[in-house]
Structures are given as C-alpha cells and as structure tokens.
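For reference, the structure is listed below as structure tokens.
All ligand and atom numbering here is 1-based and tracks the order in the structure.
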Amino acid sequence: MLSLLRRITQEVTAAQSLSAALDIIVRRVRRAMRAEVCSIYLVDTNTSDYVLMATRGLNADVAGSVSLKSDEGLVSLVGRRAEPVNLEDAHIHPSFHYLKGTGEERYRSFLGVPIIHHRQVLGVLVVQHEDKRRFDEGEEAFLITLSAQLAGVIAHAEATGAITNLNANAIPNGADFRYKGVPGSSGVAIGRGVVVFPPADLDVIPDRHSTDSDQEIQDFYQALDAVRHDIRRASNRISQHLSEDEKALFDVYLKILDDNSIAGEIVRKIKEGNWAQGALRQVIQAHISQFNRMDDPYLRERASDLRDLGRRILSHLQEKAPNIAERFSEPSIIIGEELTASMLGEIPIDKIKGLVSVMGSGNSHVAILARAMGIPTVMGALDLPYAQLDKVNLIVDGYLGKIFTYPSDALIENYQQIVDEERLLEEEYETLRDLPCETLDGHRLSLFVNTGLSADIARSLDRGAEGIGLYRTEVPFMVRDRFPTEAEQVVIYRQQLEGFAPAPVTVRTLDIGGDKALPYFPINEANPFLGWRGIRVTLDHLEIFMAQIRAMIKASADLHNLKIMLPMISNVAEVEEALALIRRGYAEVKEEGYDVKMPQVGVMIEIPAAVYQVKELAELVDFLSVGSNDLTQYLLAVDRNNPRVADLYNSFHPSVLRALYSIVDQVKDEGVGLSVCGEMAGDPMGAILLMAMGYDVLSMSSTSLPKVKAVIRNITLAQAQYMLSEVMKLSHAEAVTQTMTRLMREANIERLIRPSKTTNVA
Ligand code: PEP
Ligand code: MG
C-alpha cells in the first residue's frame, strides 16, 4: 500500500502540467481501487463552483465544461463538510444532483473525499461503482491518505499551471500571475528576476531560455567528454581489483551517456530552447522518476547511477558558467529556492532590487538581513514556479508578501506610485536624523541598531542610530570559506567599534546553528533550533570562543565602548562559565599591553527558561537584551523559518506580550540595562508597546529606525500606556494587531509607517 501511494505521488509530482497531473490521478486511482469511475472536481476560485476537471469512467469529453454550484450535489456536500461522504446508493440521497452529459446515471455507490490544502478545500476526489455497495473502510482510508498527500501537489500545479511553458516569450506581459508568500522586508521592487541556486545541486537548477543553443550544445558535449574521460580513468585505475561483471558497470555508465540515449534527449531539449543545465535537469529527473516507479529493486537502483552522472555533468558545465559579475549586470530581483545569508554575500548589494525565497519565513535570518539593507523581500512563496522566472518581469510586494509575474502596465503603474510615495516618506524621515527619539510628553527612548555587515555602519549613522544594540558576528563568518583568524576578527570588529565610538557597540558572540550555517562548519541535526546553537557551540569550542573574545577586546583598545553579549542562554552555568572565560581573555589582552577596559557583559533573553530566571541572570551581568525573534519561536513552538507555520508565528501573541512585560517587571529594581533587539523593536506597533512596558532601549535595523522614531515623536507616553493597557486585555494575537491598528489610526500615526496605497493594491 505504502509503495503504491508513493509511486502515485511521485508520478503526479513529475507531471508537466495541472491537467496531466489530474489525469494521472484519476487513471491510477481507478486502477488501484478497481473502481468503475474516478473523477476530480476542483473549486473555481471565482465562482466557487465545483468543476469536473478529469475523469475515467464518466464522459471525459465534458471535463472542464460542466460544474456543480457550491450548494449543489454530493460533491459540494463533501466540500462543505470537508469530510468524506460514503454512500451505498447515491441516487436516494437528498443532495444527489444529476450532472447532465456525464453519463453518471448508471453509478449508484459513491465515495467522495475532500482535497484540502492549508485549510482550504481545493476540490473533491470521487470514486463510483454501478453496484449498490458501500466502499469499505480500507478503501476510504486509502482515498483519504492519497488525497491528503496529493493536495499540496495539486495546489502547486494549480498555482504554477499557467506558466509551464519554458519559452517566456510565449507568455504575454500583462498576465498578472499572482503568488502568495509572507512579508520578509517591506517595500516594493519592480524588475527582472535572476534565479540563483547553490552549485552542484541538480534538483534546484532553473529552466532558462538560452540565446545561443549552439554554444549550449557545444558546452554540453564538452562536459560529456570530460565525464566520459573521468569514468574511463576511474575504470582503469581500479580495473585490476574488479571482476569482469563489475567492470561492465562502467560500460553501463558510458552507454547511458551515449548520443542515442540520454545525451540525445538532452540535446533535443536544448534545441527546444532550454539552456544546457536546465535541459540536463529535465531529462535526468524524468528518467529518475521512471526508474523509481519500477518494481524491480535492481532497476530502481539505476536511478542513483543516473543522479550521479547528472551531477558529474553538471559540475563540468558549471565550471563554464559565467561569473557573478556577468550574471548581475543590472539591478535585479533575486529568486531562489532557499536564499541564504551567504548567498547574499556573493552578490553585489547594488545589484539587488528585491528578494524572493521559496523557503523560509519573515523571521529567517536572510529576511532580517534584507530588512537591514532595506531590500523588499517575500519569503515562503511555496507555490512559486521559481525555476521558470529567470529574466521574467516581476513585482515584489514586501508589504503584503505577494509576487506578480508578467505584470500588466496598469499594475506596474499602481506599484510605481507606491515606490514614489515611499521615496517621499524617506525624505520626511531624513529630517528626523538629528532629532531625539522623544515622545510628545518628553519621555526619552534610545534607538540603537542591529548590524552585521560593515556597510551597515554608515547607513546606521546616517539614520541617527545612538549605538549598536546587536552586532551579529556570524554575518562576517558566513561570507568566508574558513573561520577568520583572531587578527582578522580584530579588523572586522574594530570597524564597528570605531565607526560608533564613543557610542556603545554590543558585539554578540557567534550565534551559529539553527538556520545560520557556516559553509565550512556544517551542523547536521534533526532539530537544529533545539540543538547545538549559539553559546552551546562556542562553549564546546574554546578555541573559537577565546579567539573571538580576545579579538573583540583588542578591537576596543583606546575606544572603551565594547559590550559583549551572549546568545541562547538557557541556564546560569553557561553565563558563569562564559564570564570566567571573558575575564581570562581580558587579562590576557591586558597583559599583551593593550589599553583596554573590562567590557560590560550581557545576555540575551530569548529562551523561555531565561524569562523565569531573569533575576538570577541579572545579578550576574551588566545588561539584558530580549531577543523577541527566538523568544516568540520558543514560546509558541513555531519554527521561525517554516513557511507552513508562518501564520502562527506572531510576536503579538498575548503569551509573548505577557512574557515581555514580566521581564521588565521582574528586573525593574535590579539596576540592570534592559533592551529589546528582536525584530519586534523595529515594528512601530511593537516599539510603542515595548516603550509602554518600560523598555528604554530598542535596537533594530537601520531601515526601521526612522519609522519608529517618527511614530514615537508623534505620541505621548500616556497614549502608549493606554494602548498597552487595552491590548493586554485581549486573548488573540489578531485582536491585538487590529486594536493597535485602530488606535494608531485614531492617534494619526498610522500614516507615518507605510505608503497609503499599499493597503489598496491587488
Ligand atoms: C532574536 O532572537 O530576537 C535575535 C535578535 O537574535 P537572532 O535573530 O539573530 O536570532
Ligand atoms: Mg536569537
């Protein structure tokens, strides 16, 4: 059963279009269940009707042209209930509705199961028999399981179905295809897509329309020759250790590469317009899925040979690929299946107009970096046919988390107005640079910045930052191919410390793990966010920790503005151990003759356990900084990186607000510095609430800083406290944001946050 399910799912996943996918489903299900009829009805999102899309057993000629109203027939009953309906005799059921032209009148027994994706009923899968007999429990369970597995595939095929044609020129601009993700960084980008992908990974290679097929074919043949050569060499090298049978395996490899076989197919695909790498992926994937469907385990194993060959050819082709500078000749919208911070590091910043990542969510580190750089970004666009978007015109709406492909002139004009309005808002913000962040009734709040790149320094100073509240040292570690030496680190940290002196600079020790992987220090774990991360890694690697501590302290020589912050603290022992090491590092540096002072040391409060021990922690350190990003993730048990649960990740959840409030309450008399450096501090709504709770320092991206300042300067502390008291009564996160939106509108500060048109478009 399991292998049958797997095979059907694999076949459907590999289908080239929605109609092909649906056709495979009805054909395979009818056979697997020995049913006389199998049909799929999909909901038309405009009319809510159930359209018969594919069938085996009913009259296939009417597929696509007949439908049931949303309150008509058994099919819609399944959809409305979002539950299976299993009937011995459908005709006597009050909801039965005969659909003319289908030839359905002969069939009495009926089993319909809903196809549900992300809580939404996409359609109904139906099997029918002539006899009056109930489908048994096993059959019902099989259909439910299959439908649950296929829902995601169907949703994806539906969303991408419109752009299955490789040749971008065949799709008219103006089609306005729309895809949904989650907001990653606000703002709007209008431009052309460039698809990026990690090297040597066949599965992520995008399709790309080639301009010079002859050249692509030539490159492909060269790569093929190189692989043949590699295989022959390998075969010769070990031939004396192999039997004749085993040696024959190498011949099989060489045969697969034969012109009459796979190579010929790849060349045909290139001639049809795809570039060599895309054609290679298409053909290899199609063959792999064929092998995977075979019952014979020996033949199924051949799939891995093919994958291996595919990778070898790819790596030779990629040696010939144009370098970064050639690919990014003009500012573009960068698209990837899983954009990472290190990928961003490879692209010149002035060439990035917008970002779109299929995986990840608004709290992924790449989104945080994008916000710091002010790049409009959409994350978690799961249904986006990203592989087909190279050189395609796009609009990225980072406010609403939407992407439009092939936009019409009208839509471009609409969005251009938002871009223009954004520019005006920016100009208004500039006038605030040197003004204090003070409420109308004279309450002073300090606005610090979060940094990571050296480019952040100038940008932050330009926007009136009063210090650095969080310098993420993992960022410079990510863009290298080995750990930086102590001396290299001194130079990197000195830039930040010098740039801001005499203002304080809070340097956080390395917080790798979770979604922040170093390419040269892979950590493979089933649960990375609950695993070896932050202080846990560095305390286990003293050589890394001590080099970093010494480098920070050396970098602060003569400046004396360093603060050291420890991430991911979950118990007191970690702080005690780290403090002892910091003191040791300080003594060593001092002994070397540097003019340094013992830095202030603080911890991040970002794990629920730390919230409950905040007083004990406060006694040990000079300051506390709340990491609302991780605190939200761990309090709500929602992976900050997973688009499937992005809707549940909400820092305005009443539990998060209560935890934040309780922290201030517990330490207000302890004389310890208290700030927030998570993304919530940079959200004007969050900033108002945090200020009202009693946080005096908020640290955020330089992009958010003027926005927050504009809002704070236009309300009173009393108003903010009233808003806080109103939302603390609420029990739903959505109610909190709705209430805050209303109160901010009433206070006339909502207009300072985003262009007015953003709520009206699309
Ligand atoms: C946080 O968790 O809120 C935080 C500021 O740290 P990071 O986002 O780097 O995990
Ligand atoms: Mg964190």
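- Proximity of H443 to D696: side-chain heavy atoms (C-beta onward) are separated by under 4.5 Å at one or more points.
- Between I605 and V611 there is a side-chain heavy-atom pair separated by less than 4.5 Å.
- Those atoms of ligand 1 that come under 4.0 Å of a heavy atom in R533, given as number and element, are 10 (O).
- Selection from V626, N629, L470 by nearest heavy atom to atom 3 (O) of ligand 1 gives N629.
- Shown in contact with S628 at under 4.0 Å from a heavy atom are these atoms of ligand 1, numbered in order with element: 3 (O).
- Residues Y399 and P183 form no side-chain contact, since every pair of their non-hydrogen atoms from C-beta on lies 4.5 Å or further apart.
- Among all non-hydrogen protein atoms, the one lying nearest atom 7 (P) of ligand 1 is H365 NE2, 3.3 Å.
- Look at E606 and the Mg ion (ligand 2): an N/O/S atom of the residue is under 2.8 Å from the metal.
- Proximity of N450 to ligand 1, defined as any heavy-atom pair under 4.0 Å, is not found for any part of the residue.
- For F521 and H541, the ring centers are positioned less than 6.0 Å apart.
- From the protein, the heavy atom lying nearest to atom 6 (O) of ligand 1 is R508 NH1, 3.0 Å.
- Ligand-side atoms of ligand 1 in range of G678: 3 (O), 5 (C), range being under 4.0 angstrom from any heavy atom.
- Ligand 1 lies nowhere less than 4.0 angstrom from a heavy atom belonging to M565.
- Applying the 4.0 Å criterion to heavy atoms of R640 picks out, from ligand 1, the atoms 2 (O), 7 (P), 8 (O), 10 (O).
- Minimum heavy-atom separation, G499 to I457: CA-CG2, 3.9 Å.
- In this structure, F623 and I564 approach most closely via the heavy-atom pair CZ-O, 3.5 Å.
- Close approach of ligand 1 to K516 is summarised as follows: ligand atoms under 4.0 Å from at least one heavy atom of the residue are 9 (O), 10 (O).
- Remark: minimum distance from atom 5 (C) of ligand 1 to any protein heavy atom is reached at C677 O, 3.4 Å.
- Summarising the local packing, CZ of R433 is surrounded by more than 12 heavy atoms from other residues, nucleotides or ligands at distances under 6.0 Å.
- Enclosure of atom OH in Y722 is not indicated, since only 12 or fewer non-hydrogen atoms of other residues, nucleotides or ligands lie within 6.0 angstrom.
- Residues I512 and F477 are not in side-chain contact: their nearest non-hydrogen atoms beyond the backbone lie 4.5 Å or more apart.
- Residue E679 places no heavy atom under 4.0 Å from ligand 1.
- Atoms of ligand 1 lying under 4.0 Å from any heavy atom of I368, numbered from 1 in the order shown and given with element: 8 (O).
- Residue-ligand proximity: M568 is placed with every non-hydrogen atom at 4.0 Å or more from ligand 1.
- Closest to the Mg ion (ligand 2) among the N, O or S atoms of D630 is OD2.
- Other residues, nucleotides and ligands place no more than 12 heavy atoms under 6.0 Å from the NE2 atom of H732.
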